[in-house]
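Throughout, a chain's letter reflects where its sequence line sits, starting with A, and its residues are numbered from 1.
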Amino acid sequence: MNEPFVALVEEPLRVEDYLTRLPGDSAVPSNTIGAVQWFLGITRGRTEDERQIQKTTDLWYEAHATMAIKEMNRLASDAVSRFELQGIVLVHAIGVVPPGQTSVIVGVAGRHRTPMLDATAWIMENLKRDVPIWKRETFHDGSQDWIHPQ
Amino acid sequence: MNEPFVALVEEPLRVEDYLTRLPGDSAVPSNTIGAVQWFLGITRGRTEDERQIQKTTDLWYEAHATMAIKEMNRLASDAVSRFELQGIVLVHAIGVVPPGQTSVIVGVAGRHRTPMLDATAWIMENLKRDVPIWKRETFHDGSQDWIHPQ
Amino acid sequence: MHIDIELFAGPRAVAGVDCIRVEFDATSESGSCDAGEVKRLIADQYPELATYAAQSRLAIDEAYVTDDHVIDLGQRVALIPPVSGG
Amino acid sequence: MHIDIELFAGPRAVAGVDCIRVEFDATSESGSCDAGEVKRLIADQYPELATYAAQSRLAIDEAYVTDDHVIDLGQRVALIPPVSGG
């Protein structure tokens, strides 16, 4: 088991920077890893609502940083037990993330494929509910919205 | 939509070599991609059966190559329609893959997270049923087994 | 008595400040109040935050608490509106 | 009449060759037979492959066919035992 790797990073993410943080990568061989799974959340340049499609020109993420790191570590360690992970990477971008760039990366490694896919879904659902990070969208007319899903 | 990228490769795989084959990678930005998903199948060094744990010292993959490429292309194009993919990468290693190395990579990109996870599961299930590729394990006592799941 | 509450995102933009203070009478023995009461105090004393207060959770010392959690004076309190990371 | 069949993996290791030939009488009008019959011919004429033949699918010109698919002479036929990629 690798130590969970959890971070907030003040720029758009690149998965290349994290590949060696999981066992199963060629740089970190392991005898019992059968599946490695990387999920990348990408910011979209268009937001649809009932009335119109607004073009998003700028995306900004803010965190309650110390609490976000605590929640991400709690999530990571819960996921390790629940899905028998042998490695986990959980990274979120903070600040400006232009549309089309990566705002979140979830990497997991373990024995079998299906639990790794389930772990990815579970981690993302919990992250989107509990980790205190907020997105602000700026539209082409200059208006801004903090996103607070109901 | 990027063209599907399908290949058999005569060495262990490295996901770094395929990242730019999907839209959503920073090198190939897209305005409508929300999720990019990479699955890596890793060869394991231990095989368990009821009687014993045998150490696998060598893994060899063989394909009916022309048919495997045809089946992989068919799978890729079915997955594109079924899960509204905007990009897909499907690569399998052939020949020697030492334990702990990557034998298969599935990459998909699309609008939302859940269909990308479902697509990954669907592609792997179909690949493991229909693509004519076989694994031969060599054990520490020198014996060899072609794996033909019942 | 008072409690200081950190704001983030939408509530901070609406309030125009990073931190607000709510005042209350020390009616309980501990001289404190619970998280649900703090959210009601926010809505009463900062009407522009009433909608957010109803939708939000409180975090004490960087962990979520339920509405019946009693807040000790001096703890770090934050109003956490629905999150949108990912 | 005969049909040549390509072998892979386990069946090829057991047979010790890449390709086998099955012989049959031209009883049908087309002078051919279907995929199910080919698997039975393999089992009869190469008893060491009988188990594999029962578990395998046939591929004609690089596509799977069902047992009732009639094989034309001259098509590329392969015995595809259960696969284990991934």
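Residues E62(A) and R12(C) form a side-chain contact, since some pair of their non-hydrogen atoms from C-beta on lies under 4.5 Å apart. By the 4.5 Å heavy-atom criterion applied to side chains, W146(A) and P82(C) are not counted as neighbours. Using a 4.5 Å heavy-atom threshold, the side chains of S56(C) and H148(A) count as separate.
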### Task
Evaluate side chain to side chain contact (heavy atoms under 4.5 Å, CB included) for M67(A) paired with I80(C), printing each intermediate quantity in order.
CA-CA 10 Å; M67(A) 180 174 170; I80(C) 308 291; 4.0 Å; yes
### Task
Could you please spell out the steps behind the salt bridge (charged side-chain N to carboxylate O under 4.0 Å, His left out) verdict for D61(C) and K70(A)?
CA-CA 11 Å; D61(C) 291 347; K70(A) 266 196 191 176; over 6 Å; no
### Message
One pair to check against side chain to side chain contact (heavy atoms under 4.5 Å, CB included): R57(C) and D130(A). What are the steps and the verdict?
### Response
CA-CA 10 Å; R57(C) 287 179 279 183; D130(A) 288 336; 2.9 Å; yes
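Counting all heavy atoms, side chain and backbone alike, R129(A) lies closest to Y64(C) at O-OH, 4.5 Å. Across all their heavy atoms, V83(C) and I133(A) have their closest contact at CB-O, 3.5 Å.
Counting only distance, with no hydrogens or angles, the side chain of H64(A) and the backbone of F8(C) share no donor-acceptor pair below 3.5 Å. When atom types are taken as modelled, the side chain of Y61(A) and the backbone of S84(C) share no donor-acceptor pair closer than 3.5 angstrom.
Neither the backbone nor the side chain of Q144(A) has a heavy atom closer than 4.5 Å to any heavy atom of chain C. Both the backbone and the side chain of A9(C) come within contact range of chain A, each with at least one heavy atom under 4.5 Å from a heavy atom of that chain. Proximity to chain C (any heavy atom under 4.5 Å) is shown, for A93(A), by neither the backbone nor the side chain. For chain A, the nearby part of Y52(C) is the side chain; its heavy atoms alone come within less than 4.5 Å.
Heavy-atom pairs under 4.5 Å with chain C were tallied for T66(A), L127(A), V104(A), V131(A); the largest tally goes to T66(A).
Counted within 6.0 Å of CD on E3(A), heavy atoms from surrounding residues, nucleotides or ligands total 12 or fewer; the atom is thus considered open.
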